[in-house]
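Proteins come first, then strands; the chains are lettered A, B, ... in the order of their sequence lines, and each starts at number 1.
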There are 2 protein chains.
Amino acid sequence: MDKIFYPESVAVIGASEKPDNLAAGIIRNLIAFGYAGAVHVVGLRAGQVHGIPIVASVDALPDGIDLAVILTPAATVPDLLAACGRKGIRWAVIESGGFAEFSEAGRELEEKISAIARRWGIRFVGPNCISVINMENGLCLPFARIQAEAAKLGPVSVLAQSGGVSITYLILLSESGLGANKLVSMGNKADLDEVDYLTYLLEDSGTEVVSLYLESIEEGRRLLELAASSSKPIIVQKANRGAASAQIAFSHTAALANDERIVDTAMRQAGVARVATFDEAVALAQGFSLPPVNGDDLLIISRSGGHAVVAADVAEARDFRLMSVPDDFLAEVRSLFRADVITPTNPLDLGAIFNFDLYSRIVEKSLHELDPHALLLVHTYSAGPEAEASRRLARRLGELSRELEKPLAFCAFAQRDEVEALKAQTSLPIFTEIEAAVRALAASRDRRTHPARLLPLPSPSGDRLDKVEALLAPEGVLSLDAALDLSAAYDIPVAEWAVVQDVESVLFAAGAIGYPVALKGLSAEVSHKSDASLVKLDLTNAEELQDAFAALLVALREYDADPSSRRVMVQQMVSEGHEVIVGGRRDPSFGPVVMFGLGGIHVEILEDVAFRLAPLVREEAERMVDEVQGSRLLYGHRGQPPADVDSIVDVLLSMSRLLVACPEIEEIDVNPLIVFEGGGAAVDARAIVRRQKT
Amino acid sequence: MDKIFYPESVAVIGASEKPDNLAAGIIRNLIAFGYAGAVHVVGLRAGQVHGIPIVASVDALPDGIDLAVILTPAATVPDLLAACGRKGIRWAVIESGGFAEFSEAGRELEEKISAIARRWGIRFVGPNCISVINMENGLCLPFARIQAEAAKLGPVSVLAQSGGVSITYLILLSESGLGANKLVSMGNKADLDEVDYLTYLLEDSGTEVVSLYLESIEEGRRLLELAASSSKPIIVQKANRGAASAQIAFSHTAALANDERIVDTAMRQAGVARVATFDEAVALAQGFSLPPVNGDDLLIISRSGGHAVVAADVAEARDFRLMSVPDDFLAEVRSLFRADVITPTNPLDLGAIFNFDLYSRIVEKSLHELDPHALLLVHTYSAGPEAEASRRLARRLGELSRELEKPLAFCAFAQRDEVEALKAQTSLPIFTEIEAAVRALAASRDRRTHPARLLPLPSPSGDRLDKVEALLAPEGVLSLDAALDLSAAYDIPVAEWAVVQDVESVLFAAGAIGYPVALKGLSAEVSHKSDASLVKLDLTNAEELQDAFAALLVALREYDADPSSRRVMVQQMVSEGHEVIVGGRRDPSFGPVVMFGLGGIHVEILEDVAFRLAPLVREEAERMVDEVQGSRLLYGHRGQPPADVDSIVDVLLSMSRLLVACPEIEEIDVNPLIVFEGGGAAVDARAIVRRQKT
């Protein structure tokens, strides 16, 4: 993909001398950004654009061109792309709009260009994008005017589904002082997609941090497995939150499984930092440019007591610990105060030190002698005499931070011009809001203390059991006995049961299982059996059992016309214990997802649930249980016996195995799993089988 | 208080020629900000400061000085303040630190200056502050250097507990383009406090919006009643969140009543907009400078599809509705597109219009013809040819917004310099982050759609009932019968009961009440009776009753040595229904607070509770019930009968009356109140009486 980011020659197709010609903007940007490669122009009318002569056709171009950039009406793109193919051009950027994003005819056109590209071995960016900027070589291919002065070379590369957003990122990253490396506006991703670009950027030597702006995630699993394997920090701004959640609806588990919650879970599992705003993305990139934060001990130094209080609030909210500072250090600092009116602690309020050199020495001393995992300096100052001293301080701290490998978030409060001047003077990122600085430190810490825990999805065949083949053969909703058999096959404990069709077998089975028992009428047509009158609980003797069986056979008539297909489950009653739900679903983008929640109102009314992508490791399964607020009930509440939480964790791991081994399972709920002091037992389950298209 | 903000003459006490003298900074600031009144200087050594001669003592000052500004070591302040008193100076600003914030000795010194001030009728700002800035007349009294160029006159006044924060607000408000009016750094508030300043600012003609930065709220009730009565928007940044919540601990209700949750509730009730960061405060002030947002219908216009998606997400999160745009309007817009590649809707993506005049006309047309409650314009542009057109657009929209009284949030994405230039060209506030713009519009809307609903606290005597006097006479924990009597006195329905001491009375009472009954041993020493073995439930006949009574008498021996004081309550069993908790507490800052939650795990484990300051109006009581997530259970879930929610609302209103009428009640819980289909009944209650100091 080097040809896209480092082409030696570019042909811009669609330019003209007309003042409102869009493709001419591409040439203007290439010149403004100092692109040194050869630039050719193809257009319908003769003439020249920014001094470059227009040739009339792709065929008229010289041979050996690395990259074609096409910005012409959508209908003309197929022929032009084919011409590129004939000319031996193997890489293209298609900026034109009017494809799948616009209409059915556009979608067909998009398929057509994909086919042409495949035929000629062309890989392409877009369509419907403003394409690629590489700050390293001045390759600036958007048609929209971009001010070269506003763009700074730096370590952050950006993948954005939106062209406008990619330019906003370029400006914000540049103005933050950090700078951008490579930016791609991916458009419709008809060929190359975020996984392709990310693969490239993770190997790219100029890229140290990658920030993605996404409106949809189709290949979520691939993207996140890639991210999880990366040593470079990855930031994701995922938009289209409202619409996404509204579009998808599943029954029960899935209805709760708001897509966005899975996106959140998946990103955390992959060690990806999710952000909500542009500013937050830039702040995190700033934080990732510092030495890593290896723990929770934070030292806050401030020249303003109020800013120190705000910083302490924010630090607590982000789970930092205000490290305790040794008394002798504090005593020494106090001895330096101009007026003895502040008692030093952490946050270290240096408001009583008006001598800037002294103040700077204390900050340096703190970095040297104390050993915080991170230092937050909230530096309020004014233009005038404090300005030069502040710049000196920022320069010095930049050197020191690198030398000592200590992360230092420098948060400057002064006039904007002054802060801008400060940025130009130091290698440190300069923050201008305390919340942003602490958020950035926290993201850096989280990468260390909660590393990626997203395992690659193993092959289903690895853990496929022969006995499940028959169960998974039919499509649709599994019957209760099949769902329980499937669960049991993957070591999920189930209450003892038997399926019978006549009264003698009922009595025999109940005798074998032991009273009390439950009876459940089986029918594939009713998925929520408790809503129908097909369940009879707590039958304590043969008489009750016979009556209940007779009633069930009557009720089953509504579902099954054929008496021989009316079946009844006799099941051990498990009434003592905590009801929990263990579920699974197959997310279209992220693959198998395990769900955990407490039974009854906890899931249905309070939506107190946790999700994780499978395969699960034990530690993540334990975290799932802890994440659910109601789980505190499992440890015994007001005299109730505690539940065997380890056995829940076992079931979550079993569910994960099941989902991985059986890709036909679209959705499964063990609900409830009743958990008591020494284990648990599933008493109800449902599953939906959907054969995948091959 | 005009003398503090508009003095005709100021004496600065504590200045000298020494280069590091702090008080000299006050004089420098007064000159830099163009203060036109007379400035006098008092100092120990002869000389002059910025051309003003130093006089040796307060006595040597001319008569008739309006305001003294003192910045000398704390120990010298009492004498200097007394000297001011003798000189007839009645208003002072004490900037010195080293008082109550620092040490016990400092606290005594602070009491001393308060006493001196009272003796001489002096009102003062501080101590321990950087005091007052009035942008209207250049009165700039902080000792820290402030750049006059960085400060812009505008409609927002600021009250800040921290001096550094007040300067940060000054800079941010000025750079936002909005500007500041009056700023007070209040310091220790030994005399004048936020209620005094706010009272002044709400009458001040130059102040249109007030923003407060507070680290503690002592007079929360007075402050919020004042805020609730104001027509000017009020913004509060309340810091010191972590520490505050950790310091206070109460049993049960109070333990859940995290102080910060009451702060949140109280502010919402008072119609105050609470913010978390400086930037958010400034964004809200910008929003309040627009015509008010009268509803939820939002129109979003953007030149970038990506920014439009982000805006739609944020709008949905802030409960805006994307208004539907008539087809003929959309058709007309579409006919103007350069390339027909975008289908217009709301958000209206005008990315396909490259002609700026046309684009501007569509925005204007939308304001004129559509009738959104607010318009969010996300305007991405680049320096160069688009810059002048963008400024023209911003100017024109500023006029139009005022003319049509339509709020328009102009969110600009361009290079920083360009955005700065834009701000100077328009009366519109310019936002630079979509989240901030939508947050600001939402705050303006919330002021309209959720106006303040904090009623003044009426006099207890208004609703005081004779029959409660005896109940409230003793201090400490009330016995169950007293707590139920108190509840019943204020119309909270209670299960029928009688208190007995011998077995004949037990049998008689149970007969009168009707079986089944409960027995409860009464003792002031046990507050959570269900934890002891003093409760016997569901006694269905005389035999069970007698056995239970005998057992209770034995159990009561542990608590009451005197047999004659062992008492037992016979109570009607109310077992069918939903358990809820209605509580009350007296918050030290905000006064009486009503609490609502569901029983059992909902309050104790899930912390799913709602609070409101009393007195409650019915609509707020209804909102309390709705706010509790578990309340959905009350409307009937999986076949359970619904609860009489109206009767819960009645009890909340009764609890509010009780708390207002009985200020001795420090804490009270009706727990549980059992609510069924046709009403409710309290079966347990506890209350703590604490006589207030008079």
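Ranked by heavy-atom pairs under 4.5 Å with chain B, the first of A/Gln237, A/Gln161, A/Glu420, A/Arg303 is A/Glu420. For the options A/Tyr381, A/Phe413, A/Phe278, A/Phe99, heavy-atom pairs under 4.5 Å to chain B are most numerous at A/Phe278. Highest contact tally toward chain A, considering only B/Ser162, B/Gly164, B/Ser185, B/Ala144, is held by B/Gly164 [criterion: heavy-atom pairs under 4.5 Å]. With chain A as the partner, the residue from B/Thr432, B/Ile434, B/Val165, B/Asn128 showing the most heavy-atom pairs under 4.5 Å is B/Val165. Contact tally against chain A (heavy-atom pairs below 4.5 Å) for B/Val314, B/Asn355, B/Thr277: the top residue is B/Thr277. Most heavy-atom pairs under 4.5 Å with chain B: of the set A/Asp279, A/Val310, A/Ile171, this distinction falls to A/Asp279. Most heavy-atom pairs under 4.5 Å with chain A: of the set B/Gln147, B/Arg632, B/Glu435, this distinction falls to B/Gln147.
B/Asp608 and B/Gln629 form no side-chain donor-acceptor contact under 3.5 Å, judged by distance and modelled atom types alone.
In this pair, A/His379 and A/Phe356 present their aromatic rings perpendicular. The plane angle is above 60°, beyond the 30 to 60° band.
Using a 4.5 Å cut-off between heavy atoms, A/Ala150 touches chain B through backbone and side chain atoms alike. With a threshold of 4.5 angstrom between heavy atoms, B/Ala414 approaches chain A through N, CA, C or O but not through any side-chain atom. With a 4.5 Å cut-off on non-hydrogen atoms, A/Ala315 does not touch chain B at all. Heavy atoms of A/Glu418 lying under 4.5 Å from chain B are absent altogether. With a 4.5 angstrom heavy-atom cutoff, A/Gln415 touches chain B via backbone and side-chain atoms both.
In this structure, the side chains of B/Ile167 and A/Thr380 stay at 4.5 Å or more apart for every pair of heavy atoms.
Distance alone, capped at 3.5 Å, places no donor-acceptor pair between the A/Tyr213 side chain and the A/Tyr169 backbone. Between the B/Ser96 side chain and the B/Thr72 main chain, a donor and an acceptor come within less than 3.5 Å of each other. At distances below 3.5 Å, not a single donor-acceptor pair connects side-chain atoms of B/Asp349 with backbone N or O atoms of B/Val309.
A salt bridge does not link B/Arg145 with A/Glu386: none of the charged nitrogens is closer than 4.0 Å to a carboxylate oxygen.
Of all heavy-atom pairs between B/Cys129 and B/Met186, the closest is CB-C, 4.0 Å.
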